[in-house]
Amino acid sequence: MASTTSPSTATAAMWAFAAATCVKLMLVPTYRSTDFDVHRYWLALTHALPARQWYTDASSQWTLDYPPFFAYFSRLLSLPAPFVDASLVSIPVPAAPPSSAYLLYLRLTVAFSDLLLLAAVLLLARDARRRQRPFLVLVLVMWSPALLIVDHIHFQYNGFLMGLLLLSLHFLEQGKDLAGGIVFAALLCSKHLFLVAAPVYFVYLFGHYCCGRGALRGLGRLLLMGAGVVAVFAMAFAPFVYYGQMQQLLSRLFPFGRGLFHAYWAPNFWVFYIVLDKILAFLLRRLGFSIEIPEASFTRGLVGDSSPFAVLPKVTPITTFLLVILAMAPCLVKAFANPQSKHIIRWVAYACSCGFMFGWHVHEKASLHFTIPLALIAMDSLDDVRHYFLLSIVSCYSLFPLLFEDQEYPIKVLLLLTYGTLMWVGFSSHFSANSAPGGKKLDASDSIVERRFTGWISLGYLLGMFAIEFWSRLFHHHVFGDRLPFLPLMMVSVYCGVGMMYSWVWQLSWIIRNT
């Protein structure tokens, strides 16, 4: 069977991408976060100043803190900008609100960069066994509501970065390990937060590409892979080594002083840790113990405080690093002992899940790093369907606090409901068309959908999100007034943290049992 995408699938995928692009264009005038100001400044910075000043310029609070390849990418996007609006590339960035042309140009750069995601999705239309993937999984990637919210409303370039990751995974699935390793190196030089997947890449490539081929040939392959990766990093960092700026650059990339938590708590393990700390502090104070409560509390986000705990031990960056590696260890053992390309997407997604669950200063947007790859294998089995259905909804809902203005509320709700309906109809139709165990055909109302596709526990959990929303939107203000403004955000983080923890445990269990 040919490894290329069939014409009908390619055409349908491009139509789906075109439809998604139309939605992105309708989102142009929506809310813009501070990330919009960050990227508009980086666009001007990389165009107006020489490279030697990119990581030393401090004329704005939005200093460049992505690796050099992303800076080069910003420079590329800036080249046509003066023909649209000269203020796009002026330093300092104008304080006045951007013009319509200014805004449209920046929004279109995000939509344009998504072409790399489309290319990677088309290449991934066939899996490691050269079998055609269901068309629905390609749509699930391109129509991800979380990606639309983060990139095309909030404003980032995750579609471009996820395109690089998926392109690397495509090469690994097809046995082109050298190309996959080099593309992943390019991804690391574009956004260093993907470093969390590097251990899986290393052990997989070492076992699959280098080992089992004789000592001499294996050493040659190891040197070839190493040379390719070093060449990519040299292209990215060599100019700044020459300028003597590596220490400054690395301090920008790894600002550990920002603290364990982001302003809005990502729904991960540390949410439960801090909630437990607050409960213990409250109980001990009631029992008469003198417990000093840190200034940061439930009522506010936590930024720049690496130890906002009253009772539990301080958490340091090295603690989170060790926890991530420990959580990843079973996957690393499996990937090295039996490196099979058909499992690489699942292994990399799990590694990113570990980084999300136990990492330092994790952003809620980092859930994209594993939900997008997992969409590609969402229809491999009914268990995968059930897991992805829950995870994708939880991931998207956890991003709702990013869009806090009233005019965007219907948009984020509609995006999630549309995606949920698409999954429900698509998954039900796909599996009802297949035979049940024993050869019996199932219709869409059969018990395989009712009991195994959703399950009463997961359905009840998902419905609980409506209760969270009703409280946050209708009752919180009437009960507390202006007090505890961070409580609704904490409720979303903790509730979604339960779903994320379930997903992490489910992935770990699947990997241990099946790889």
Side-chain angles (χ1 to χ4, degrees), residues 3 67-69 120 123-124 126-131 161-238 241 321-322 324-355 369-370 373-374 376-377 507-508 510-515:
S3 62
F69 273 4
L123 290 171
L124 282 159
R126 293 192 185 276
D127 62 18
R129 300 182 181 93
R130 306 298 196 271
R131 298 178 306 185
L161 297 167
M162 294 308 303
L164 279 175
L165 177 62
L166 298 190
L167 182 61
S168 173
L169 292 174
H170 159 72
F171 286 133
L172 296 186
E173 271 203 332
Q174 302 304 320
K176 301 174 182 177
D177 292 347
L178 180 60
I182 289 174
V183 173
F184 181 68
L187 174 63
L188 294 182
C189 293
S190 300
K191 189 167 184 177
H192 53 300
L193 299 183
F194 286 95
L195 267 170
V196 70
V200 168
Y201 267 83
F202 177 80
V203 299
Y204 173 81
L205 290 172
F206 186 75
H208 191 262
Y209 184 69
C210 302
C211 294
R213 304 174 186 277
L216 190 59
R217 189 179 181 191
L219 179 60
R221 286 192 162 213
L222 179 62
L223 293 175
L224 181 61
M225 179 67 75
V229 171
V230 168
V232 172
F233 275 82
M235 285 189 287
F237 291 95
V241 174
F321 171 77
L322 293 175
V324 170
I325 296 299
L326 180 63
M328 206 184 298
C331 176
L332 297 178
V333 172
K334 293 282 188 175
F336 179 74
N338 189 22
Q340 299 183 53
S341 60
K342 65 181 181 179
H343 296 313
I344 188 60
I345 290 178
R346 199 178 297 272
W347 285 333
V348 170
Y350 175 72
C352 292
S353 298
C354 292
H369 299 174
F370 53 93
L374 285 173
L376 294 167
I377 55 175
Q507 292 179 66
L508 175 61
W510 198 100
I511 287 170
I512 291 174
R513 289 183 289 107
N514 299 291
T515 64

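Side-chain contact check for Ile344 versus His208: every heavy-atom pair is 4.5 Å or farther apart. Contact annotation: the side chain of Val200 approaches that of Met328 to within less than 4.5 Å [non-hydrogen atoms, C-beta and beyond]. Leu376 has its side chain out of reach of Leu169: every pair of non-hydrogen atoms, C-beta onward, lies at least 4.5 Å apart. Put simply, the side chain of Val232 does not reach to within 4.5 Å of the side chain of Val229, judged on heavy atoms. Using a 4.5 Å heavy-atom threshold, the side chains of Leu222 and Tyr209 count as separate.
The line from CG of Leu172 to CH2 of Trp347 is 11.0 Å long, rounded to the nearest 0.5 Å. In this structure, Leu224 CG and Asp177 CG are separated by 11.0 Å, a value rounded to the nearest 0.5 Å. A distance of 5.5 Å separates CZ in Phe194 from CG in Leu161, rounded to the nearest 0.5 Å. Taken to the nearest 0.5 Å, the CD1 atom of Ile377 stands 3.5 Å off from the CZ atom of Arg346. The line from CG of Leu124 to CD of Glu173 is 6.0 Å long, rounded to the nearest 0.5 Å. Rounding to the nearest 0.5 Å gives a distance of 7.5 Å between OH of Tyr201 and CG of Leu187.
Within a 6.0 Å radius of CZ in Phe202, no more than 12 heavy atoms belonging to other residues, nucleotides or ligands are found.
Closest approach of Phe184 and Ser168 over heavy atoms only: CB-OG, 3.6 Å. For the pair Pro373 and Ile345, the tightest heavy-atom approach, listed with the atom from each and the gap, is O-CG2, 3.5 Å. The nearest pair of heavy atoms linking Ala186 to Ser190 is O-OG, 2.9 Å. Closest approach of Ala327 and Tyr350 over heavy atoms only: O-OH, 2.6 Å. Minimum heavy-atom separation, Ala337 to Pro339: C-CD, 3.6 Å. The two atoms that bring Cys352 and Val196 nearest to each other are CA-CG1, 4.0 Å, heavy atoms only.
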Stepwise side chain to side chain contact (heavy atoms under 4.5 Å, CB included) check, Lys191 with Leu164
CA-CA 10 Å; Lys191 189 167 184 177; Leu164 279 175; over 6 Å; no
Check the pair Ile511, Leu508 against side chain to side chain contact (heavy atoms under 4.5 Å, CB included), reporting the backbone distance first and the verdict last.
CA-CA 5 Å; Ile511 287 170; Leu508 175 61; 5.5 Å; no
Run the side chain to side chain contact (heavy atoms under 4.5 Å, CB included) test on Leu188 and Leu195 for me, step by step, so that the C-alpha distance in whole Å, both residues' side-chain angles and the decisive distance to 0.1 Å come before the verdict.
CA-CA 6 Å; Leu188 294 182; Leu195 267 170; 4.0 Å; yes
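The aromatic rings of Phe336 and Phe206 sit parallel, their planes meeting at an angle under 30°, below the 60° perpendicular limit.
Ser353 places a side-chain N or O within donor-acceptor distance of the main-chain N or O of Ala349, the cut-off being under 3.5 Å. At least one donor-acceptor pair closer than 3.5 Å links the side chain of His170 to the backbone N or O of Leu123.
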